[in-house]
Protein chains: 2
Amino acid sequence: MPVCPKCSQPDGVMKAGFVRGRQRYFCKGCAYHFTEAKPAVPERKRYQATLADVARAVGVASSTVSRALNGHADISPATRQAIQEAARQLDYHPNFLAQSLKRRETMTIGVVIPDIERPFFATAVSGIQDVATAAGYRVMICQSKESYEAEVSNVQALIANRVDGLLICHSRETENFDHVKEPARRGIPVVHFDRVCNEVNSAKVILDDRQGAFAITEHLIEQGCRRIAILAGPPSLLISRQRQAGYLGALRKHGLPTSEELCAHINFRTESAVAALDAWLALPEPPDAIFAINYTNAFDLLIALKQRGLRVPADMAIVGFGDEFMAMLIEPGLTTVDLHPFRIGQQAARLFLEQMTQKELFEPRTCIIPGELIIRQSSLKSRG
Amino acid sequence: MPVCPKCSQPDGVMKAGFVRGRQRYFCKGCAYHFTEAKPAVPERKRYQATLADVARAVGVASSTVSRALNGHADISPATRQAIQEAARQLDYHPNFLAQSLKRRETMTIGVVIPDIERPFFATAVSGIQDVATAAGYRVMICQSKESYEAEVSNVQALIANRVDGLLICHSRETENFDHVKEPARRGIPVVHFDRVCNEVNSAKVILDDRQGAFAITEHLIEQGCRRIAILAGPPSLLISRQRQAGYLGALRKHGLPTSEELCAHINFRTESAVAALDAWLALPEPPDAIFAINYTNAFDLLIALKQRGLRVPADMAIVGFGDEFMAMLIEPGLTTVDLHPFRIGQQAARLFLEQMTQKELFEPRTCIIPGELIIRQSSLKSRG
DNA sequence: TTAATTTACGCCAACGAATGCGTAAACTTA
DNA sequence: TAAGTTTACGCATTCGTTGGCGTAAATTAA
């Protein structure tokens, strides 16, 4: 038996249960319970000054320090000065955790995106941070890597972090949206952007795939193209259907025939893009322009055409979608639609802020960020 | 005078000072102080269940709920089941703020980078998240946008958020490093990556510019190039000096002469790259290869050469530095050094974790992530 | 020169979770 | 069956801030 820490005697000490893995004892003489010594906690020390530290240094109450530093009125100039000085000396930084706990808001917004490495999302995140930072909010970014489970766990982690708002672009896999209904139920504003979800009554920011595709197709028509092919994605993908719809709309508006043979549905891989190209080139009447709904495939086409000795845009005009900055670096420059991801991010953040200001009065709405046609060499037949 | 909320009478009520902008009153009869009604707080309600809510539902103490959900030993199976069930019913999520406050750790690491839109950093962040997430840490990302002030304010915000660690890549402007000494003093592990700071005794992850430049230059030499030019940056830039040193080292090792006329120092703009190229082409004996230390300039060169009717690599080999994925998309594919930003991020996060585990025993060290030569068409003279 | 006010603080109870300590009741053991 | 043990919990405090409420002292008004 160990000695009793009160009387320093082993007499009368007996076992008294197990508490969380540690043997407990009871000293009959002192009527005192105690446990074995802890397995020695090295205890990393954090020298973070607290309000109480500042208060002690100045000789006031911590509430006075709080009020002084937060600019409340009823603090004498002398005290305020002394407190500010001491805070600087001690290098006091308010603990956001404690503040947030007390104020019941974290001034943090959570962002869930599929993949930060994709330029579109990186730029959108930048747009979000631009607006959020200006409004005093911090941003916590999570990547789903296009996995439904990762997305759900991201959302839950953000809820547990008590973010003040949630901006989300769903993963491709996501079909069940219960995880975004929860924050909404809890009164946490949710804003969808890019890939939205109509099951949830949230504010949304989307880009207008259809209008963009329409505009770029019309541009090709204006350049004199008459047999315009489209390199689309799997029909199951919404953006693919939308962009195709814009393309078809432009053809119809200008009285051009639409044909099945000029619509290819590929999986976005280089090989399938090249295969589609070769099929088109083998036609008795090949297309004079190709609209690739994915910019990487547009690059694939440019390279493949060059290898086949065809000139762009003279023999074949090429346009892409999504103005990542390499569209400008490549030769010839690629005509695309700039989707303005930065603006999309900004708008999503603004919708969140609006919701915070208007509270219950806020009526969720959908903002459409129009794409912008960026004309470069790859489509300029008239001048090419 | 307003009525006293106790006796509902206006008699005996008198003013009693101003508290934080609101008039206060004192009812003599009731000896009761009160203030004007608040300006009606709409109070956004958050329906976040707490331990106490769960405890109430089950009819136990909140401490029991805490222990049950955290898997402590001394909870009866029946109680634990009931608690888990109730927690699920109420959709309880522990409040990380409260947890962090109590546990004095946030399980969050702060990352400061110049710009998330640059592929190198986006990928590095991904690497950090990869390791951090696996270890149960969350990541808070801040961008300095290459501004010293923004960087300082980011670091302070992260300290205020009580992050458990700080991974930082300095802005170009940063010359004073006091802001990173602070967290170190406070016991917050700091890891530098890419752009490090030697004034602080922190763990560091760097890439080996010199070795990479050496390798890629040597590769050109092996391809039969004998007059290799370098498109460097301003001599004030460390990476520029390092890469140039590697380049010079390779030339010397292979007994090739070095010449001033083959070294251009530019500001990374397209125009200055093209100007340097034209100057070289005008030489009596133009170079047969160019090493652009910045990959965007390598693209500029490829385009300019094409416009001037020169073939790559037959007439001129081109190599870049930094394997952003467009290096592969362009035609001809660009030979580069892959700097492995993902690995850099991973390693930075690992160094942080190591420091958390070893505490005071941790000895800061510097890890060098070697670059990897990626050979593509733009330099393949022997096969070209 | 009292009485009414105001100033400038202090005290203390939250916020939500974790945890040391205490203990009634159940269970063993001698 | 009485004493020793263990089980399964409850109580109360703590983390750092905030803010309602109270009040001695200073100031002003009557």
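Naming convention: chains lettered A, B, ... in sequence-line order (proteins, then strands); numbering from 1 in each chain.
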| said: Run the side chain to side chain donor-acceptor pair (under 3.5 Å) test against B:Glu199 and tell me which residues pass, sequence neighbours left out. | reply: B:Lys181

Rounded to whole angstrom units, what separation is found between the [atom1] atom of [X] and the [atom2] atom of [N]?
{"X": "A:Lys102", "N": "C:dA13", "atom1": "NZ", "atom2": "C1'", "answer": "7 Å"}
{"X": "A:His93", "N": "D:dT17", "atom1": "NE2", "atom2": "C1'", "answer": "16 Å"}
{"X": "B:Glu105", "N": "C:dT19", "atom1": "CD", "atom2": "P", "answer": "10 Å"}
{"X": "B:Ile75", "N": "D:dC9", "atom1": "CD1", "atom2": "P", "answer": "6 Å"}
{"X": "B:Leu51", "N": "D:dG10", "atom1": "CG", "atom2": "C1'", "answer": "14 Å"}
{"X": "A:Asp74", "N": "D:dA26", "atom1": "CG", "atom2": "C1'", "answer": "15 Å"}
{"X": "A:Leu97", "N": "D:dT18", "atom1": "CG", "atom2": "P", "answer": "12 Å"}
{"X": "B:Arg80", "N": "D:dT7", "atom1": "CZ", "atom2": "C1'", "answer": "13 Å"}

At under 4.0 Å, does any side-chain N or O of [X] touch on OP1 or OP2 of [N]?
{"X": "A:Tyr92", "N": "D:dG16", "result": "no"}
{"X": "B:Asn70", "N": "C:dA18", "result": "yes"}
{"X": "B:Ser63", "N": "C:dA17", "result": "no"}
{"X": "B:Ser66", "N": "C:dT19", "result": "no"}
{"X": "B:Gln99", "N": "C:dA18", "result": "yes"}
{"X": "B:Thr64", "N": "D:dG10", "result": "yes"}
{"X": "B:Asn95", "N": "C:dC15", "result": "no"}
{"X": "A:Thr79", "N": "C:dC9", "result": "yes"}

Is there side-chain contact between [X] and [Y], with heavy atoms separated by less than 4.5 Å?
{"X": "B:Phe96", "Y": "A:Arg162", "result": "no"}
{"X": "A:Val190", "Y": "A:Gln355", "result": "no"}
{"X": "B:Glu363", "Y": "B:Gln358", "result": "no"}

| task | Measure from the side-chain N and O atoms of A:Asn154 to the backbone N and O of A:Gln143, and report whether any donor-acceptor pair falls under 3.5 Å. | result | yes

| said: I'd like to know if the side chain of B:Arg104 and the backbone of B:Leu101 have a donor-acceptor N/O pair within less than 3.5 Å. | reply: no

| task | Mind grabbing the angle between the end helix axes of the helix from C:dT1-D:dA30 to C:dA30-D:dT1? Five pairs an end, 10° rounding. | result | 40°

| Taking for each residue the nucleotide of DNA chain C bearing the nearest heavy atom, is the 5' side occupied by A:Ser62 or by B:Arg103? | A:Ser62

| Nucleotide nearest B:Ser76 (side chain, heavy atoms from C-beta), chosen from D:dC9, D:dT17, C:dT19 | D:dC9

| message | So A:Val60, base contact, sugar-phosphate only, or nothing? Heavy-atom distance under 4.0 Å. | response | sugar-phosphate

| task | State yes or no: are the ring centers of B:His179 and B:Tyr148 separated by less than 6.0 Å? | result | yes

| query | What about A:Arg104, does its side chain sit under 3.5 Å from the base of C:dG16 through a donor-acceptor pair? | reply | no

| said: Quick test of your reading of the model: are B:Glu182 and B:Arg186 salt-bridged, counting only N-O distances below 4.0 Å? | reply: yes

